[in-house]
A.B. asks: 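Please see the structure below; I have some questions.
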Protein chains: 2
Amino acid sequence: MGGDFGPRVTVAASSDALKRHPQLQILLVGQSDAIRNHLRRCRGKHLQRLEIVHADDVVAMNEKPSLALRNRRESSMWKSLELVAQGRAQACISAGNTGALMAMSRLVLGMLPGIERPAIVAAIPTLKGHSYMLDLGANIDSSAQQLLQFAIMGSVMVSAIDRRDRPLVGLLNVGSEDNKGTGCVREASRLIQGHGGLNFIGYLEGDDLFSGRADLVVCDGFVGNIALKSCEGLSKLLVRKVQGSFRRNPYRRLVALLATPILRELKRQLDPGRRNGATLLGLKGVVVKSHGGANRTYFGYAIDQALEEARLNVPALIADRVAVEVARCRSDGVDDVASHSKN
Amino acid sequence: MGGDFGPRVTVAASSDALKRHPQLQILLVGQSDAIRNHLRRCRGKHLQRLEIVHADDVVAMNEKPSLALRNRRESSMWKSLELVAQGRAQACISAGNTGALMAMSRLVLGMLPGIERPAIVAAIPTLKGHSYMLDLGANIDSSAQQLLQFAIMGSVMVSAIDRRDRPLVGLLNVGSEDNKGTGCVREASRLIQGHGGLNFIGYLEGDDLFSGRADLVVCDGFVGNIALKSCEGLSKLLVRKVQGSFRRNPYRRLVALLATPILRELKRQLDPGRRNGATLLGLKGVVVKSHGGANRTYFGYAIDQALEEARLNVPALIADRVAVEVARCRSDGVDDVASHSKN
């Protein structure tokens with residue numbers, strides 16, 4: 001029911017996804033009248049694999065997460081997460097209120113043992129293809145221990161999704177020298193460095209984010225959110241500048257016409273919608289957040305992302321890895337990954 | 001002597017600047033042999049307004065600021081700042097080690113009364129032209145009180161340089177609602193909001209950085225540095241993608257040929273070198289940092305920036321404004337802007 005377009009986009013994208021994936025089944029959770037209304041425009045046998053689960057209530061996009069948590073237990077968001085908790089669904093996809101989705105996911109699904117906080121991870125484009133970055137805003141600030149947990153969770157996910165053996169992990173900082181950054185970042189560097197299971201390449205500066213040097217970039221949610229949104233803002237500025245530049249006079253408009261396929265391709269590459277689908281990692285279940293403004297095609301990418309993570313069972317992979325490490329740490333007599341060490 | 005190219009760029013750019021500005025005089029501080037060597041390539045009467053001040057030593061680009069501060073008192077950097085402190089020069093321009101320049105500036109020039117820490121401010125491109133942003137990395141973390149001081153200093157500078165009466169001030173955050181962000185950011189918002197002399201428009205998210213909604217964007221140096229460098233990284237990625245896109249086949253290479261003036265213009269607009277020259281605000285003197293990789297033309301922009309700030313005497317304008325406010329706060333019986341209130 002969420003996002004800027006509600007069931008108009010989510011219903012159509014679900015129908016497309018069922019066509020793409022012959023084994024997929026979808027439960028559409030929300031106000032059944034509205035859903036049925038949009039389903040009328042879809043046709044085909046694939047719709048037999050689609051089921052409506054009615055939910056009376058909807059979480060508003062600007063609702064305070066704490067209030068949604070208290071008052072919206074009959075909402076489509078809450079009910080979708082319950083379906084995952086009950087094992088009736090293997091993943092939840094939402095284009096709704098991110099804060100509410102986070103808060104409800106923690107309560108309904110719960111955190112994996114050994115993980116303190118969820119983190120939002122998403123793919124970013126690089127010179128070499130793509131990398132992943134977390135946390136993109138699930139948390140306002142994170143301890144060094146939590147940054148280590150993000151590195152572990154992200155590594156497991158990148159290994160599974162991209163079939164990479166030991167993904168390269170970088171830590172976002174304001175310089176590459178050891179003495180740079182906050183105490184928390186330096187401590188996180190020490191923890192990640194000292195962790196046998198992670199392939200740590202050290203600090204990354206902002207301008208290395210898109211170089212592809214790291215397969216996984218770790219940072220706290222405040223910095224990650226601002227850095228990525230700043231880049232979105234820059235992309236918008238550039239698209240406008242390119243459009244303006246190619247429209248200034250008749251000669252330029254002619255060149256623009258000749259360059260149409262190139263410009264269209266560039267616009268597509270620039271479009272963050274292509275990488276739609278951010279994962280809430282650390283939960284006992286797959287939860288994928290679509291951008292609120294995603295269209296039918298882009299919402300489909302979020303569905304595909306969730307499907308892939310459910311197929312691989314990423315939460316179980318993370319739980320296994322953390323369990324092994326907790327056991328190893330305990331036998332070594334050192335603090336385990338679940339221990340709190342705020343600084 | 002600093003930067004990636006040393007006197008090769010700084011000497012040539014100085015000669016150009018003397019031609020542009022008939023009233024300008026330049027003191028070139030550094031190893032006189034090296035400087036003279038590069039001066040040999042320049043000709044003209046304007047060179048009479050150029051003087052060499054010999055300095056034996058040079059601060060290395062990767063030297064730890066604390067060590068430079070202790071060991072490099074005979075360096076070109078230290079001596080340049082001394083010339084400003086003595087009133088022999090009205091501004092210092094360096095392409096060298098940023099951390100060392102900061103540390104030496106604080107010691108040699110000193111901070112303005114009422115300002116705890118310097119901040120790095122620079123222009124960023126926007127849909128409407130340009131805005132300014134600070135702090136871009138002078139500090140690793142900043143208290144709410146320091147963020148308020150950044151807002152005051154930045155406002156004074158934007159007012160003077162862009163001749164704007166009450167520049168619009170935004171505070172960078174992960175959301176626009178009151179309850180978003182760290183305690184420090186929320187407290188800074190309260191302080192800036194409550195400050196009669198500032199035209200505060202509230203929180204800005206990353207994607208608003210380049211919209212031009214604010215004339216001045218305030219943030220701590222950790223976030224500011226990473227956000228801006230991330231955008232530089234994205235720019236590099238995009239230039240590479242555009243180049244690749246226009247080279248893929250003979251038809252595209254032909255279109256690229258026709259589009260040459262447009263692509264050249266876009267590349268120039270994308271180039272961060274055009275906005276070269278970041279100011280260290282809060283000091284008792286004008287100090288401008290050029291990008292280490294700046295070429296002759298771009299280093300010239302940093303000289304022009306310093307010249308303009310010296311002409312307007314930005315440090316005195318800031319000192320005046322802060323003095324008025326300290327007096328007002330004291331008569332009101334509230335904490336003055338210089339008081340420490342870390343949180």
Side-chain angles (χ1 to χ4, degrees), chain A residues 62 64 66 99 124-127 137 140-141 172-175 177 179-183 185 205-212 219 221-238 240-242 245-246 248 251-252 254-256 258-263 265-266 269-270, chain B residues 62 64 66 99 124-127 137 140-141 172-175 177 179-183 185 205-212 219 221-238 240-242 245-246 248 251-252 254-256 258-263 265-266 269-270:
Chain A
N62 54 2
K64 242 181 122 167
S66 55
I124 56 170
T126 70
L127 281 173
I140 279 310
D141 55 331
L172 200 57
N173 198 357
V174 292
E177 301 85 5
N179 60 334
K180 287 292 173 79
T182 59
V185 167
E205 293 191 67
D207 49 359
D208 248 342
L209 210 51
F210 302 98
S211 68
C219 59
F222 191 80
V223 170
N225 179 286
I226 288 178
L228 212 65
K229 282 199 177 158
S230 298
C231 290
E232 279 177 33
L234 181 67
S235 288
K236 272 186 232 160
L237 173 73
L238 296 179
R240 291 275 286 272
K241 284 214 187 252
V242 170
S245 232
F246 274 97
R248 197 155 311 145
Y251 172 75
R252 289 188 168 202
L254 175 67
V255 174
L258 297 170
T260 302
I262 314 177
L263 294 176
E265 176 190 292
L266 281 170
Q269 288 184 344
L270 262 174
Chain B
N62 54 3
K64 242 183 122 168
S66 54
I124 56 170
T126 70
L127 282 171
I140 279 309
D141 54 332
L172 199 57
N173 199 357
V174 291
E177 302 85 6
N179 60 332
K180 287 291 174 77
T182 59
V185 167
E205 292 191 67
D207 49 359
D208 249 340
L209 211 50
F210 302 98
S211 68
C219 59
F222 191 80
V223 170
N225 178 288
I226 288 177
L228 212 65
K229 281 199 178 158
S230 299
C231 290
E232 279 177 33
L234 181 67
S235 287
K236 271 186 233 162
L237 173 73
L238 296 178
R240 291 275 285 271
K241 283 213 186 254
V242 169
S245 231
F246 273 97
R248 197 154 312 146
Y251 171 76
R252 289 188 169 202
L254 175 69
V255 173
L258 297 170
T260 302
I262 314 177
L263 294 176
E265 175 191 292
L266 281 170
Q269 288 184 344
L270 263 174

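What's counted below: heavy atoms across the whole structure, side chains too, no hydrogens, waters or symmetry copies. Lettering follows sequence order; numbering is per chain, from 1.
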A.B. asks: Output the distance between atom SG (Cys231(A)) and atom CG (Leu237(B)), rounded to the nearest 0.5 Å.
C.D. replies: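 Going from the SG atom of Cys231(A) to the CG atom of Leu237(B) covers 9.5 Å.
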A.B. asks: Using heavy-atom distances under 4.5 Å, tell me whether Lys64(B) contacts chain A through its side chain, its backbone, both, or neither.
C.D. replies: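 When you check distances to chain A, only side chain atoms of Lys64(B) fall under 4.5 Å.
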A.B. asks: For chain B, which candidate among Val223(A), Asn225(A), Leu263(A), Ile262(A) shows the most heavy-atom pairs at distances under 4.5 Å?
C.D. replies: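 Sorted descending by pairs with chain B, the first entry is Ile262(A).
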A.B. asks: Please report the shortest heavy-atom distance between Phe222(B) and Gly181(A), naming the atom on each side.
C.D. replies: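 Minimum heavy-atom separation between Phe222(B) and Gly181(A): CE1-CA, 4.3 Å.
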A.B. asks: Which residue is it: Leu234(A), Ile226(A), Leu209(A)? I am looking for the one with a side-chain contact (heavy atoms from CB on, under 4.5 Å) to Ser230(B).
C.D. replies: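 Exactly one candidate clears the test, Leu209(A).
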A.B. asks: If you round to the nearest 0.5 Å, how far is CG of Asp207(B) from NZ of Lys236(A)?
C.D. replies: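 Reported value, rounded in 0.5 Å steps: 4.5 Å.
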A.B. asks: Among all residues two or more places apart in sequence or in another chain, which pass the side-chain hydrogen bond (donor to acceptor under 3.5 Å, both in side chains) test with Asp208(B)?
C.D. replies: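 Counting only residues at least two positions away or on another chain, Asp208(B) forms a side-chain hydrogen bond (donor to acceptor under 3.5 Å, both in side chains) with Ser211(B), Arg213(B).
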A.B. asks: At a heavy-atom separation under 4.5 Å, does Arg252(B) approach chain A through its side chain, its backbone, both, or neither?
C.D. replies: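 The answer is both parts of Arg252(B).
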A.B. asks: What part of Asn173(B) gets within 4.5 angstrom of chain A, counting heavy atoms only: side chain, backbone, both, or neither?
C.D. replies: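 Both parts, backbone and side chain.
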A.B. asks: Suppose we screen for side-chain hydrogen bond (donor to acceptor under 3.5 Å, both in side chains). Which residues come up paired with Thr126(B), at least two apart in sequence or across chains?
C.D. replies: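 Not a single residue meets the side-chain hydrogen bond (donor to acceptor under 3.5 Å, both in side chains) criterion with Thr126(B).
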A.B. asks: What pair of heavy atoms forms the shortest contact from Val174(B) to Gly221(A), and how long is it?
C.D. replies: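 Looks like CG1-O, 4.4 Å.
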A.B. asks: Specify which of Ser245(A), Ala256(A), Ala227(A) makes the most heavy-atom pairs with chain B at under 4.5 Å.
C.D. replies: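 Answer, by heavy-atom pair count under 4.5 Å with chain B: Ser245(A).
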A.B. asks: Please check if the number of heavy atoms outside Arg248(A) that lie under 6.0 Å from its CZ is greater than 12.
C.D. replies: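 Check passes, neighbour count above 12.
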A.B. asks: For Phe210(A) versus Gly233(B), what's the shortest heavy-atom pair and its separation?
C.D. replies: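 Closest approach of Phe210(A) to Gly233(B), heavy atoms only: CD1-C, 3.8 Å.
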